[in-house]
Amino acid sequence: MSVHIGAKKGEIADKILLPGDPLRAKYIADNFLEDVTCYNEVRGMYGYTGTYKGEKVSVQGTGMGVPSISIYVNELIQSYDVKKLIRVGTCGAIQKDVKVRDVILASTSTTDSQMNRMIFGGIDYAPTADFNLLKNAFDIGTENGLKLRVGNVFTSDSFYRDNGLELFEKLATYNVLAVEMETTALYTLAAKYDRQALSVLTVSDHILTGEETSAEERQTTFNDMIKVALDAAIK
Ligand SMILES: O=P(O)(O)O[C@H]1O[C@H](CO)[C@@H](O)[C@H]1O
Ligand SMILES: O=c1cc[nH]c(=O)[nH]1
């Protein structure tokens with residue numbers, strides 16, 4: 001057991017999906033995995049292990065933001081030796097041609113988090129997805145008829161911010177696709193420990209137009225995202 005995860009050694013697979021919302025972890029376990037066991041309830045941050053197409057896969061809620069996901073990713077790697085980590089999250093679109101329900105593969109992440117500046121003494125490190133995971137996810141999604149977007153996402157330390165529109169318009173000018181709150185930490189920690197990581201994100205709302213998905217639409221798109229992530233995890 002680690003500080004925040006109640007699993008015994010061997011109870012967590014070496015491939016894991018990481019939703020921010022612990023109830024999304026339950027949804028994935030209930031609807032996509034077989035022979036499921038719940039290995040974590042500490043802080044209500046559910047974690048499950050089961051099989052997907054015969055392969056052992058886990059899914060663990062991470063909570064929201066860089067500090068929270070950093071705790072889970074550190075412990076999953078250092079205490080449970082997880083090798084492939086795929087975030088399955090939501091994001092807000094900031095580009096006109098990125099639509100709600102689109103699925104984005106984050107090739108890299110821009111951030112206002114101080115995490116990397118603290119590590120690198122002020123240098124702007126560029127957190128990057130694992131190329132093979134990214135390519136596998138892209139190929140799998142495309143073969144299944146999904147129009148995936150690939151690009152830069154903004155990992156924000158704030159969900160609510162003053163003068164957000166101005167910043168988002170600037171980021172959009174520089175081809176950042178969407179805003180979310182965890183990818184920078186996932187990619188940086190995966191690089192540090194030589195693990196494979198990818199963020200697959202469903203656009204849940206559009207920051208510029210105000211458009212939002214209904215609960216039902218969200219679930220359908222989540223299913224597309226989850227299938228891409230699971231198939232990429234076992235490839
Ligand atoms: O849906 P999840 O995975 O939690 O991701 C997004 O949603 C949360 C904000 O509502 C943040 O965690 C953000 O990154
Ligand atoms: O607008 C959004 C939507 C999801 N997640 C975010 O961080 N922002």
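What you are looking at is a predicted structure, and each value in this text was computed from that prediction instead of being measured. By convention here, the first residue in the shown sequence is residue 1. Just so you know, these numbers use all the heavy atoms, side chains as well, and skip hydrogens, waters and symmetry mates.
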(request) Ignoring hydrogens and angles, tell me if any N or O in the side chain of Thr37 forms a donor-acceptor pair with the backbone of Tyr39 under 3.5 Å. (result) no
(request) List, by chain and then residue number, the residues other than Val153 in its hydrophobic cluster (Ile/Leu/Val/Met/Phe/Trp/Tyr, side-chain heavy atoms under 4.5 Å); write none if there are no others. (result) Val98, Val100, Ile104, Leu177, Leu201, Val203
(request) To the nearest 0.5 angstrom, please state how far the CD atom of Gln60 sits from the CG atom of Leu85. (result) 11.0 Å
(request) May I have the step-by-step check of side chain to side chain donor-acceptor pair (under 3.5 Å) for Glu180 and Ser156, ending in yes or no? (result) CA-CA 6 Å; Glu180 54 86 72; Ser156 175; over 6 Å; no
(request) Please determine which of Thr184, Thr188, Thr183, Thr128 meets the side-chain hydrogen bond (donor to acceptor under 3.5 Å, both in side chains) test together with Ser109. (result) Thr184
(message) Consider side-chain contact (heavy atoms from CB on, under 4.5 Å). Of Val88, Thr90, Ile86, which one does Pro19 pass it with?
(response) Val88
(message) Is it the case that atom OH in Tyr46 sees more than 12 heavy atoms from other parts of the structure closer than 6.0 Å?
(response) no
(message) Considering only residues two or more places apart or on different chains, which pairs with a residue in residues 115-136 satisfy ring pair (Phe, Tyr, Trp, His ring centres under 6.0 Å)?
(response) Phe120-Tyr125
(request) Identify the two heavy atoms, one from Ala29 and one from Val36, that lie closest to each other, and give their separation to 0.1 Å. (result) O-CG2, 3.5 Å
(message) Using modelled atom types and a 3.5 Å cut-off, is there a donor and acceptor pairing between side-chain atoms of Asn40 and backbone atoms of Gly6?
(response) yes
(message) Using side-chain heavy atoms (C-beta onward) and a distance below 4.5 Å, is Phe32 in contact with Leu17?
(response) no
(message) Quick one, Leu171 and Leu167 - any side-chain contact, counting heavy atoms below 4.5 Å?
(response) yes
(message) Is there a salt bridge (charged side-chain N to carboxylate O under 4.0 Å, His left out) between Asp139 and Lys135? Walk through the geometry before answering.
(response) CA-CA 6 Å; Asp139 290 347; Lys135 182 175 185 308; 2.8 Å; yes
(message) Assess the residue pair Arg161 and Asp112 against the criterion (side-chain contact (heavy atoms from CB on, under 4.5 Å)); give the C-alpha distance rounded to whole Å, side-chain angles, the decisive distance to 0.1 Å, and a yes or no.
(response) CA-CA 12 Å; Arg161 64 168 64 233; Asp112 61 355; 2.6 Å; yes
(request) Please lay out, stage by stage, how Asn152 and Thr108 fare under the test side chain to side chain donor-acceptor pair (under 3.5 Å). (result) CA-CA 5 Å; Asn152 196 349; Thr108 185; 4.8 Å; no
(request) Determine, step by step, whether Arg101 and Thr202 satisfy the side chain to side chain donor-acceptor pair (under 3.5 Å) criterion, reporting the C-alpha distance in whole Å, the side-chain angles of both residues, the deciding distance to 0.1 Å, and the verdict. (result) CA-CA 6 Å; Arg101 294 176 293 277; Thr202 298; over 6 Å; no
(message) A side-chain contact here means heavy atoms from C-beta on lying under 4.5 Å apart; do Phe159 and Val179 qualify?
(response) no
(request) Check step by step if side-chain contact (heavy atoms from CB on, under 4.5 Å) holds for Lys8 and Met1. (result) CA-CA 5 Å; Lys8 297 191 196 76; Met1 165 167 196; over 6 Å; no
(message) Ignoring hydrogens, what is the shortest heavy-atom contact between Ala129 and Ala106? Give both atom names and the distance.
(response) CB-O, 3.3 Å
(request) May I ask whether Val200 and Met181 are part of the same hydrophobic cluster, defined by side-chain heavy atoms of I, L, V, M, F, W, Y residues being less than 4.5 angstrom apart, directly or through others? (result) no
(message) Can a donor-acceptor pair be found, under 3.5 Å and without considering hydrogens, that links the side chain of Tyr80 to the backbone of Ala7?
(response) yes
(message) If hydrophobic clusters are built by linking Ile, Leu, Val, Met, Phe, Trp and Tyr wherever their side-chain heavy atoms come under 4.5 Å apart, do Ile12 and Leu189 end up in the same one?
(response) yes
Please tabulate, one pair per line, all N/O donor-acceptor pairs under 3.5 Å involving side-chain atoms of residues 143-150, not counting sequence neighbours.
from: Asn144; atom 1: ND2; to: Ile140; atom 2: O; distance (Å): 2.8
from: Arg149; atom 1: NH1; to: Asp97; atom 2: O; distance (Å): 3.1
from: Arg149; atom 1: NH1; to: Asp97; atom 2: OD2; distance (Å): 3.4

(message) So Arg117 and Asp124, do their side chains get closer than 4.5 Å, heavy atoms only?
(response) yes
(message) Other residues, nucleotides and ligands only: do more than 12 of their heavy atoms fall within 6.0 Å of CZ on Arg43?
(response) no
Counting only pairs under 3.5 Å, give me each side-chain donor-acceptor contact of residues 67-77, with atom names and distances, residues two or more places apart or in other chains.
from: Ser68; atom 1: OG; to: Thr62; atom 2: O; distance (Å): 2.6
from: Ser70; atom 1: OG; to: Val66; atom 2: O; distance (Å): 2.6
from: Asn74; atom 1: OD1; to: Gln78; atom 2: NE2; distance (Å): 2.9
from: Asn74; atom 1: ND2; to: Ser70; atom 2: O; distance (Å): 3.0
from: Glu75; atom 1: OE1; to: Ser2; atom 2: OG; distance (Å): 2.6
from: Glu75; atom 1: OE1; to: Val3; atom 2: N; distance (Å): 3.4
from: Glu75; atom 1: OE1; to: His4; atom 2: N; distance (Å): 2.8
from: Glu75; atom 1: OE2; to: His4; atom 2: ND1; distance (Å): 2.6

(request) Grab the two heavy atoms, one from Ala232 and one from Leu133, that are nearest each other, plus how far apart they are. (result) O-CD2, 3.8 Å
(request) Could you go through the side-chain contact (heavy atoms from CB on, under 4.5 Å) check for Ile226 and Leu230 one step at a time? (result) CA-CA 6 Å; Ile226 292 160; Leu230 283 168; 3.7 Å; yes
(request) Test side-chain contact (heavy atoms from CB on, under 4.5 Å) on Phe222 and Val103 and set out the steps. (result) CA-CA 9 Å; Phe222 281 179; Val103 178; over 6 Å; no
(request) Sort and list the pairs that fulfil ring pair (Phe, Tyr, Trp, His ring centres under 6.0 Å) and have at least one residue in residues 163-211, not counting sequence neighbours. (result) none
(message) Holding to side chain to side chain contact (heavy atoms under 4.5 Å, CB included), I want the full list of residues that pass it with Lys56, two or more places apart in sequence or in another chain.
(response) Ala13, Thr49
(request) Starting at CD1 of Ile123, measure out to CD1 of Ile119 and round the result to the nearest 0.5 Å. (result) 12.0 Å
(request) Step through the shown structure and confirm whether more than 12 heavy atoms of other residues, nucleotides or ligands are within 6.0 Å of NZ on Lys83. (result) yes
(message) So for atom CE, which belongs to Met64, do other residues, nucleotides or ligands contribute more than 12 heavy atoms lying within a distance under 6.0 Å?
(response) no
(message) Could you check whether any side-chain heavy atom of Ile16 comes within less than 4.5 Å of a side-chain heavy atom of Val82, counting everything from C-beta outward?
(response) yes
(message) Distance check, rounded to the nearest 0.5 Å: Met45 atom CE versus Ile5 atom CD1?
(response) 10.0 Å
(message) If I take atom CG from residue Asp102 and atom CD from residue Gln95, how far apart are they, to the nearest 0.5 angstrom?
(response) 11.5 Å
(message) Is there a side-chain contact between Leu33 and Thr51 in this structure, where contact means two heavy atoms from C-beta onward sitting under 4.5 Å apart?
(response) no
(request) Report the distance from atom CG of Leu105 to atom CG of Asn136, rounding to the nearest 0.5 Å. (result) 11.0 Å
(message) For Lys235, I'd like to know if atom NZ has over 12 heavy atoms of other residues, nucleotides or ligands within 6.0 Å.
(response) yes
(request) State the CD-OG distance between Glu182 and Ser113, to the nearest 0.5 angstrom. (result) 11.0 Å
(message) Looking at Lys84, is its backbone amide N or carbonyl O close enough to the side chain of Gln196 to form a donor-acceptor pair, meaning the two atoms are under 3.5 Å apart?
(response) no
(message) Does this structure show an ion pair linking Asp130 with Arg195, if we count only N-O contacts that are shorter than 4.0 Å?
(response) no
